[in-house]
Amino acid sequence: IKPAGAWDAGRLHVAWENNEAGRRHIRFATWDGKNTSAEEKVSLEGSNYAPSIVAIGGEIVVAWHSFREGNYDIYLRRRAADGAWGNEVRVTRSPGIDRHVRLAAKGRELWLAYETVRMASGYRIGGEAYRRIHIVRVEPDGSLAAPAGIERSPLAGRCEGANLAFDNDGRLWIAHIRPQGRRDGWCGFAIAFCGGEWSPLLRLST
């Protein structure tokens with residue numbers, strides 16, 4: 001379930017959740033237009049959910065959130081152009097629940113959007129006391145760098161469900177949802193980052 005795909009040189013790479021072995025993990029396969037490759041297991045430990053995938057110059061990157069050591073964090077793994085997988089990398093170490101990662105690429109740069117949630121008491125659906133979106137670039141040494149001014153941007157408020165993409169002019173766009181009161185559901189918004197500045201918040205639905 002929950003497949004995510006990325007095109008690269010005419011091939012479609014797909015990652016998805018699978019629980020065939022009794023614990024949820026992430027699998028991967030490639031379709032070249034005629035045939036599908038053998039499935040490969042990407043995640044190595046824990047219970048793993050909601051993959052995202054992006055192609056960067058022949059390299060494929062898959063990220064997901066995983067429950068290990070009593071906590072949810074973001075992990076990723078890179079697949080070289082020759083098909084060899086690198087080591088599994090733990091991206092976050094927040095005491096909260098880090099989840100719902102989405103990937104985007106700008107040239108050779110790898111960007112992530114994900115959300116952090118903290119519960120008022122215990123884990124239950126809808127019981128969040130804190131929730132926010134993070135936007136980060138993965139540096140060559142594995143560290144994370146956030147765009148300038150994100151703590152003062154509209155993304156610093158309560159929002160979730162982020163997806164991100166770069167347009168042809170290099171602007172980073174983040175689409176997401178925000179609550180419209182306690183019983184009024186959610187509304188979609190978008191915001192752009194370019195030249196160190198954030199655009200006004202754009203409402204997508206009426």
Side-chain angles (χ1 to χ4, degrees), residues 1-6 15-17 26 48-56 61-67 71-77 89-107 109-119 125-139 143-181 184-206:
I1 63 172
K2 298 182 181 178
W16 68 95
E17 289 183 19
I26 307 302
N48 306 276
Y49 307 92
S52 183
I53 185 171
V54 70
I56 305 179
V61 183
V62 180
W64 63 94
H65 67 267
S66 181
F67 184 73
N71 197 49
Y72 287 93
D73 286 293
I74 305 299
Y75 289 76
L76 67 77
R77 202 170 176 197
V89 176
R90 183 176 178 176
V91 178
T92 67
R93 294 180 179 273
S94 166
I97 298 170
D98 294 334
R99 65 185 185 183
H100 299 164
V101 62
R102 293 293 180 267
L103 301 177
K106 180 183 180 183
E109 294 180 357
L110 175 65
W111 287 74
L112 286 77
Y114 67 94
E115 65 187 48
T116 294
V117 172
R118 294 175 187 163
M119 297 293 173
I125 296 174
E128 300 91 351
Y130 169 92
R131 184 195 301 255
R132 68 157 298 172
I133 289 173
H134 299 274
I135 308 295
V136 295
R137 183 181 65 238
V138 181
E139 302 290 59
S143 63
L144 305 180
I150 192 169
E151 295 295 341
R152 301 182 300 277
S153 77
L155 292 177
R158 186 183 179 190
C159 44
E160 61 185 278
N163 210 338
L164 73 168
F166 286 93
D167 66 19
N168 291 334
D169 294 319
R171 286 183 293 257
L172 173 61
W173 288 90
I174 301 101
H176 58 283
I177 58 175
R178 294 168 174 265
Q180 303 298 291
D184 297 330
W186 301 79
C187 186
F189 290 85
I191 190 171
F193 179 77
C194 185
E197 300 292 335
W198 293 90
S199 75
L201 193 61
L202 306 176
R203 186 176 179 126
L204 302 178
S205 57
T206 58

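The side chain to side chain contact (heavy atoms under 4.5 Å, CB included) with Leu112 is formed by just one residue from the set Ile135, Val101, Val61; it is Val101.
Ser153 OG to Ile174 CD1: the interatomic distance, rounded to the nearest 0.5 Å, is 8.0 Å. Separating the CH2 atom in Trp16 from the CD1 atom in Ile26 is a distance of 10.0 Å, to the nearest 0.5 Å. One finds the CD1 atom of Ile191 at 10.0 Å from the CG atom of Leu172 (value rounded to the nearest 0.5 Å).
Contact between Ala6 and Val54 at its shortest, heavy atoms only, is CB-CA, 4.0 Å. Closest approach of Tyr114 and Arg99 over heavy atoms only: CB-O, 3.5 Å. When all heavy atoms of Ile150 and Ala146 are compared, the pair lying nearest together is CG2-CB, 4.1 Å. Closest approach of Cys194 to Arg171, counting heavy atoms only: CB-CG, 3.4 Å. Minimum heavy-atom separation, Ala55 to Ala105: O-CB, 4.2 Å. Arg102 and Pro51 get closest at one heavy-atom pair: NH1-O, 4.3 Å.
Annotation: side chain to side chain contact (heavy atoms under 4.5 Å, CB included) contacts of Ala192 (sequence neighbours excluded): Trp173, Ser199.
By the 4.0 Å N-to-carboxylate-O rule, Arg158 lies too far from Glu115 to be salt-bridged with it.
Taking 4.5 Å as the limit, some side-chain heavy atom of Trp111 sits within range of a side-chain heavy atom of Pro147. When side chains are defined from C-beta on, Ile97 does not count as touching His65, because their heavy atoms never get closer than 4.5 Å. At a threshold of 4.5 Å between non-hydrogen side-chain atoms, the residues Thr116 and His134 count as touching. Between Trp198 and Leu155, some side-chain heavy-atom pair lies under the 4.5 Å cut-off. The side-chain heavy atoms of Leu76 and Ile74, taken from C-beta on, include no pair separated by under 4.5 Å. You'll find the side chain of Ile177 reaches within 4.5 Å of the side chain of Glu160, heavy atoms only. When side chains are defined from C-beta on, Val138 counts as touching Leu144, because their heavy atoms get closer than 4.5 Å. Annotation: side chain of Tyr72 is not in contact with side chain of Thr92 (no heavy-atom distance under 4.5 Å).
Within the 3.5 Å criterion, the main-chain N or O of Ser94 finds a donor-acceptor partner in the side chain of Asp73.
Note on ring orientation: taking the six-membered ring where Trp is involved, the planes of Trp64 and Tyr75 are parallel (angle under 30°, cut-offs 30° and 60°).
By the neighbour-count criterion of 12 heavy atoms within 6.0 Å, atom CD of Glu197 is sparsely surrounded, having that number or fewer from other residues, nucleotides or ligands.
Inspection of the His176 and Arg178 side chains reveals an N or O donor paired with an N or O acceptor under 3.5 Å.
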